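Letters A, B, ... are given to chains in the order of the sequence lines, protein chains preceding strands, and every chain is numbered from 1. Owing to the predicted nature of the structure, the values given are computational and were not obtained by experimental measurement.
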2 protein chains.
Amino acid sequence: MNHRSYKDALYAQFARVGKAFASDKRLEILDLLAQGERPVEAVAQETGLTIGNASAHLQVLRRARLVDSRKDGQQVYYQLADQDVFRLFRSLEALAQTRLTEIDQITRSYYESPQDLEGISAPELQDRLQDNEVILLDVRPHAEYVAGHIPGALSVPPDELQQHLEKLPRDQEIIAYCRGPYCLFATDAVRQLRHAGYRARRLALGLPDWRASGFPVAKPKPADNCLATGNIYPDTAHEGT
Amino acid sequence: MNHRSYKDALYAQFARVGKAFASDKRLEILDLLAQGERPVEAVAQETGLTIGNASAHLQVLRRARLVDSRKDGQQVYYQLADQDVFRLFRSLEALAQTRLTEIDQITRSYYESPQDLEGISAPELQDRLQDNEVILLDVRPHAEYVAGHIPGALSVPPDELQQHLEKLPRDQEIIAYCRGPYCLFATDAVRQLRHAGYRARRLALGLPDWRASGFPVAKPKPADNCLATGNIYPDTAHEGT
DNA sequence: ATAATATTCTATAGATTATTAGAATATACA
DNA sequence: TGTATATTCTAATAATCTATAGAATATTAT
């Protein structure tokens, strides 16, 4: 094995991972799977892909060993292979953010005021939660809250915030968090809350980032009366790292 | 701007960076540029690409803002846009290394004994250098040594090691380092040194990794009589971070 | 100015990838 | 066992990417 063929073989392997990250739809799928495992149909629905096409993308990711799949009944569930995959994905996003000014333009175009952009950091949130200074809302779809959430958060799915608006206390600031720094669930929630007169901010990052930073993640107890409480309820048990 | 077009626009930007990492030849170019800036022709020569093709790859990298170029006379020099580009590149390599067993097979195929694989870590090298326990050889091409090297290293380009073999002291272990974890210059040097009866190991990583970890990097003084000393000489001035 | 050199641009052919629709496969359920 | 469902596979097409050769551009040297 000479140097050239050794290098060619090696870089070809590294490029397998690079190629997996080379499609906008696959990046969106990775972001989605960072919230927890999902069957093909759910991936297709959330990304706007046909089922066949979503399946094909998932297999590109699987061949690059970035995702694993397990079959349960009729459905095949896909999930990120490990936390390092998420970390590399977010590192790529972060590099893109610092190098490509276009990303700033896109995010700004969604916001009404520059103030909307400001998010609270994870350590600051941790502090303020311990001092009971804030109300924390998980504004992702309910299933993702069940799969794991920040201890103390209330589950308020995006389409249910409006109906719960008046029940929230007005003497504390409200923090909303969602899937990640570019996810709009929390941004939209903050906008609604401010329109209703609340003090509200979003968490700058999302749940998977919170987890990857080593902060605790809670899960509701299996026997909990989740559905009975109108989708708003606090956490119970803690997850191991 | 609705959620779907916002997401599409964002992930399309992230994918610009992903696509830049999606070619084995571009990864090899990034690895090369991590040693320092280079004109197009040098990139073409080291990667086995035609000049036109190398130029095209470099422009893909430039459009993704991963490299910058500057024109000096007739030549266009390319370099990594910043240290974060190198860090993401190595993170991708590291993820590929842990996820793809094929990479282990390729690296093993080059080694005669498993012992050849073992490299010393940067902190350990730092300690042993301070105690003067080892001789350190920079076995990259001389120009790269000039662009920056580990303080105390001697420059011994790959094709000159043989002629200097007998000049090295036999009472200390010899450490060789090169461009990175998968670069073969140090591996080959260690093999030659062991055949000649020396105790020798390679540094596990390379100079850019040493720099990225925050260890000091030295440059020879401009007025130094570099060429007069047969390409073996110690460092002088230190580089700022 | 003219010639030489380095690089980029253009055109093109070939290879790879993305997408869709529909067939095939495997499991669950009646 | 037969039927419904979820997913993967296959085939066809469109789109994108890679590589090459040669033309065009810009700079240096004569």
Nucleotide D:dT10, atom C1' - distance to CG of A:Asn53 in whole Å: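 Going from CG in A:Asn53 over to C1' in D:dT10 covers 14 Å.
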A:Lys19 vs A:Gly52, nearer the 5' end of DNA chain D by closest nucleotide: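 Final value for this comparison: A:Gly52.
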If we ignore angles and hydrogens, is there a donor and acceptor under 3.5 Å between the side chains of [X] and [Y]?
X        : Y        : value
A:Gln97  : A:Asp104 : yes
A:Asp31  : B:Tyr11  : yes
A:Asp8   : A:Ser5   : no
B:Asp68  : B:Tyr78  : no
A:Tyr77  : A:Gln75  : yes
A:Arg108 : A:Gln105 : no

Under-4.0 Å salt bridge between A:Arg4 and B:Glu46: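 No, no charged N to carboxylate O under 4.0 Å.
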Given DNA chain C, 5'-ward residue of the pair B:Val40 and A:Ala22, judged by closest heavy atom: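 Looking at the nearest nucleotide for each, B:Val40 comes out on the 5' side.
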Strand contacts (DNA chain C) in residues 59-79 of chain B, 4.0 angstrom heavy-atom criterion: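 Within residues 59-79 of chain B, the residues near DNA chain C are B:Gln59, B:Gln74, B:Gln75, B:Val76, B:Tyr78.
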Contact boundaries on DNA chain C for chain A, cut-off under 4.0 Å to non-hydrogen atoms: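 The contacted stretch runs from C:dT17 to C:dA28.
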NZ or CZ of B:Arg191 within 45° of B:Tyr110 ring axis and under 6.0 Å: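 Yes - B:Arg191 lies over the ring of B:Tyr110, closer than 6.0 Å to its centre and within 45° of its axis.
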